[in-house]
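Report on the structure given below.
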Amino acid sequence: MLESIYSIADEFGMKVICDLNVGGGGLYPGDPGYIAALAGISTEAFAQAFGHHPSFWGWYLNNEINPLRESDAEQTRFWRTLWKDLTAKCHKVAPGSKVTIAPFFILDKYGKRNVWPYYEPEEYAAWWEKTLKETGIDVLMLQDSGAEHLSIFTLTDREPFFKATADACAAAGAEFWVDLESAQVFCKDWDEAVSMERGGTKDWRYVGLGWLKEKLNLAAKYGTNIVNWGYYPVMNPLAKNSGLTATSIDGYPVNLSEANANYASYKEYVEDLPETVPAGLKCIPKMSGTLWWLVPNSKNLAVDELYNAIRREIRGQRNAGMEYIWIVNAYGSFSVVK
């Protein structure tokens, strides 16, 4: 499966970002040196297997953690040590490759959910500036809808976090990208959002092309690139019959009947975009790649069937103007043979 992805990406002139074999935010407390060393074995093997491909571009640290302050000294030390060791390993086994991370922020300023603390954008960004400097991470891809992903959030809610984090990245010598979300939980206010969450009735839907365009323009104001979460499943034209992609979000069912139309309207929008960056923006306001959670169904398909299915998925991304293939769960289709 992975060899097919890299080979097809080579053919289409695309770039692949794959996660490391050390995921999740629940690794703390632990020995960061040991965790990094263990993950480093599979990282080296992965680079040996696929590093010869022109499309082998980078790595993804799939560790979503609650925002921290410097006063969270032990956790801060843990994550910075782990990420520094992993980043160094990635750069060693694949010189020139990039290491990325996609953190979230909190917009629950008044404790409606009361799950994680709210930090002002400058507090949040200050932690990331020091973290980027200490670890050598190359690219920070900021999730654009916080940890709550709610339809009630405005551009005004988001912009201070974009600006503060972009400034932090610039000070640390890292690239600032935006991880724009094309799916969200629809609700009329915070009270309804909390009620739906606690009742297990989240209403995940496509954000709509009009709102997507507005979010893209804000992202392009601060980010030098834009990637996406939500194409899978709400914009995937193959969502109903792919067999290789998720068809729900966090266990919640999603209506896939409009995915093909969502894709078509976005593709038409992309085709009308200028070829150069518009004045006042830092990149063309489009999604240059999307998060793709691999569903390893290779055992259910013959080799040629699997290859053709993967090719259809990647062609769909490419035809929608995407350049990066951002893979999660790569190690569900990869094992180190000792």
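In this chain, residues are counted from 1 in sequence order.
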Inset, instruction - Determine whether L107 and F186 fall in the same hydrophobic cluster, where Ile, Leu, Val, Met, Phe, Trp and Tyr are linked whenever their side-chain heavy atoms lie under 4.5 Å apart. - result: no

Inset, instruction - Would you check if R158 and S145 make a side-chain contact, meaning some heavy-atom pair closer than 4.5 Å? - result: yes

Legend entry - side chain to side chain donor-acceptor pair (under 3.5 Å) evaluation trace for D157 with T154: CA-CA 5 Å; D157 293 329; T154 67; 3.2 Å; yes

Inset, instruction - Supply the atom-to-atom distance E313 CD to R315 CZ, rounded to the nearest 0.5 angstrom. - result: 11.0 Å

Inset, instruction - State, without any angle test, whether T76 and R69 hold a side-chain donor-acceptor pair at a distance under 3.5 Å. - result: no

Legend entry - pair I226-S288: side-chain heavy atoms closer than 4.5 Å: no

Legend entry - Salt bridge present between D144 and K215 (N-O < 4.0 angstrom): yes

Inset, instruction - Count the heavy atoms of every other residue, nucleotide or ligand shown that sit under 6.0 Å from CD of E3, and state whether that count exceeds 12. - result: yes

Inset, instruction - Tell me, with the steps shown, if L244 and I310 meet side chain to side chain contact (heavy atoms under 4.5 Å, CB included). - result: CA-CA 8 Å; L244 298 176; I310 293 170; 3.8 Å; yes

Inset, instruction - Classify the side-chain pair W83/N63 by whether it contains a donor and acceptor separated by less than 3.5 Å. - result: yes

Legend entry - Distance in Å, I327 CD1 paired with M1 CE, rounded so as to fall on 0.5 Å steps: 7.5 Å

Legend entry - Partner of I284 under side-chain contact (heavy atoms from CB on, under 4.5 Å), chosen from T276, L273, L216: L273

Legend entry - Validation row: F334, C18 side chains within 4.5 angstrom (heavy atoms): no

Inset, instruction - May I ask you to say whether E134 pairs ionically with K84, meaning some side-chain N is under 4.0 Å from a carboxylate O? - result: no

Legend entry - Intermediate values then yes/no, side chain to side chain donor-acceptor pair (under 3.5 Å), T135 and R80: CA-CA 6 Å; T135 60; R80 287 177 180 168; over 6 Å; no

Inset, instruction - On the 0 to 90° scale, with breaks at 30° and 60°, tag the Y232-W292 ring pair as parallel, tilted or perpendicular. - result: parallel

Legend entry - Output field: ring centroids Y266/Y231 closer than 6.0 Å: no

Inset, instruction - May I ask you to test the W177-T224 pair for a side-chain heavy-atom distance under 4.5 Å? - result: yes

Inset, instruction - On the 0 to 90° scale, with breaks at 30° and 60°, tag the Y6-H53 ring pair as parallel, tilted or perpendicular. - result: parallel

Legend entry - Separation between OG of S195 and CD of E197, rounded to the nearest 0.5 Å: 10.5 Å

Inset, instruction - Assess whether atom OH of Y252 is packed by more than 12 heavy atoms of other residues, nucleotides or ligands within 6.0 Å. - result: yes

Inset, instruction - Output the distance between atom OG1 (T100) and atom CG (L61), rounded to the nearest 0.5 Å. - result: 6.5 Å

Legend entry - E268 CD: over 12 foreign heavy atoms closer than 6.0 Å: no

Inset, instruction - Hey, can you tell me if F161 and F105 have their rings parallel, tilted or perpendicular (30° and 60° cut-offs)? - result: parallel

Legend entry - Stacked cation flag R113 on W190, 6.0 angstrom / 45 deg: no

Legend entry - Electrostatic pair E148:K109 at N-O distance under 4.0 angstrom: no

Legend entry - Residue of the set T43, V16, I17, I101 for which side-chain contact (heavy atoms from CB on, under 4.5 Å) holds with W59: T43

Inset, instruction - Only one of K282, E159, K163 passes side-chain hydrogen bond (donor to acceptor under 3.5 Å, both in side chains) with Y222; say which it is. - result: E159

Inset, instruction - Determine whether the aromatic ring centres of W326 and Y60 lie less than 6.0 Å apart. - result: yes

